[in-house]
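These notes are about the structure you will find just below.
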There are 2 protein chains.
Amino acid sequence: MKTARATRSNNARELILDAAIRVVDKDGAGHLTIDAVATEVGRSKGGVLYHFPNKRALLNGMLARMIERELTALDTAPGNTPLGRHLHSTGNLRRDDKAASLALLAAAAEDPEMLGVMRDAYQQLFLQARADCKHPAEVNTILLAAEGLRLLSVLGVLPLSETEQRAVHKHLAARAEQL
Amino acid sequence: MKTARATRSNNARELILDAAIRVVDKDGAGHLTIDAVATEVGRSKGGVLYHFPNKRALLNGMLARMIERELTALDTAPGNTPLGRHLHSTGNLRRDDKAASLALLAAAAEDPEMLGVMRDAYQQLFLQARADCKHPAEVNTILLAAEGLRLLSVLGVLPLSETEQRAVHKHLAARAEQL
DNA sequence: GTCTATATCAAGATAGAC
DNA sequence: GTCTATCTTGATATAGAC
């Protein structure tokens, strides 16, 4: 388990991962290549391959960082329940989060099996959110709506304005409070 | 606007599109190649390229058929409101639907811009569902939850059993009724 | 740690026979 | 309509210099 501070010593890795996300964002998951990442980060292909020996390692790095970031966001978010904290941390749908979620699409494109770690993360999230509550279907609904919001947004097909997105999110938070 | 019956005359096209979906399902959107589709459908690369002159055409065909199928499912589903019909048609999350949704991931991988038609389709769905209702945030929540369910399932990271999925869906339908 | 080759292979697409 | 070449490009990965 790496801390945010530890990443400073692995600066090159972080820069490469950032560049990889930008490539996916701009060109689509299918165009995530070592070449493209190298160009984006202003290095050579060999330089990138030193830090990530192959493409799978790069994808795994992207996934791992995405999960790590979401977990720390979850831990530091204000709120009394796991569900409330999760809504709060996904609520400020920062550009960061949207971009990081692209790692999911990239991994799905490369090798769906790689998403095992993501499945585990979701499993944990859903279990924790339902743990202290007697309305599992309602909790599931709230979590799924939040994920639907995120994924449609990442795919670029969400037909809601910023204002509407905030309204939905407020609505979800309010529902979560009532449990 | 093609009818389901019209597809019988384009049988080769349909078979190729089916094969393409299977390839994405098995190997991931990033491994959707003309070669792989040709092998899957039991034809040669040239044979596939006769029906779809290039890869974009194939992706567009996949997207178009997915949208067409969802629209007909929506039209023929029982229910009094667009939202109710939509929930009903997505409720029986048939293997067909899950597979067809993979077209979305494939297109996102190849060229995110291609998803414009999907954005329009979602726009229409959301607008119609909210048209006859005074609680837009609630309608949005229900739609987003249904989409979250579908997309997490397609990505293979949904941490809900079949039973739980049905429970969530029943819950959504019940909420939709109360509007 | 980072770079420049370079080997190897996969994939999109064309041309033309059948 | 379908097939078999074939061309060409792009991408992974390696080896070794700096």
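Below, chain A is the first sequence line, B the second, and so on; all start at residue 1.
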Between C1' of D:dT4 and CZ of B:Arg43, the distance in whole Å: 16 Å

Gap between atoms CZ and P, on B:Arg13 and D:dT2 respectively (whole Å): 13 Å

Sugar-phosphate or base contact per nucleotide [nucleotides 12-18 of chain C; S, B, -; heavy atom under 4.0 Å]: BBB----

A:His31 side-chain N/O to D:dG10 phosphate OP1/OP2 under 4.0 Å: no

Contact under 4.0 Å: B:Tyr50 side-chain N or O vs D:dG1 OP1/OP2: yes

Tell me every residue that passes salt bridge (Lys or Arg N to Asp or Glu O under 4.0 Å) with [X], counting only those two or more places apart in sequence or in another chain.
{"X": "A:Arg130", "value": "B:Glu164"}
{"X": "B:Arg65", "value": "B:Glu14, B:Asp18"}
{"X": "B:Glu40", "value": "B:Arg22, B:Lys26"}

Donor-acceptor pair, side chain of A:His31 and main chain of B:Glu110, under 3.5 angstrom: yes

What donor-acceptor contacts under 3.5 angstrom involve side-chain atoms of residues 114-122 of chain A, with partners at least two apart or in another chain?
residue, atom, partner, partner atom, Å
A:Arg119, NE, B:Gly156, O, 3.4
A:Tyr122, OH, A:Glu147, OE1, 2.7

Side chain to side chain donor-acceptor pair (under 3.5 Å) partners for B:Arg166, two or more places apart: none

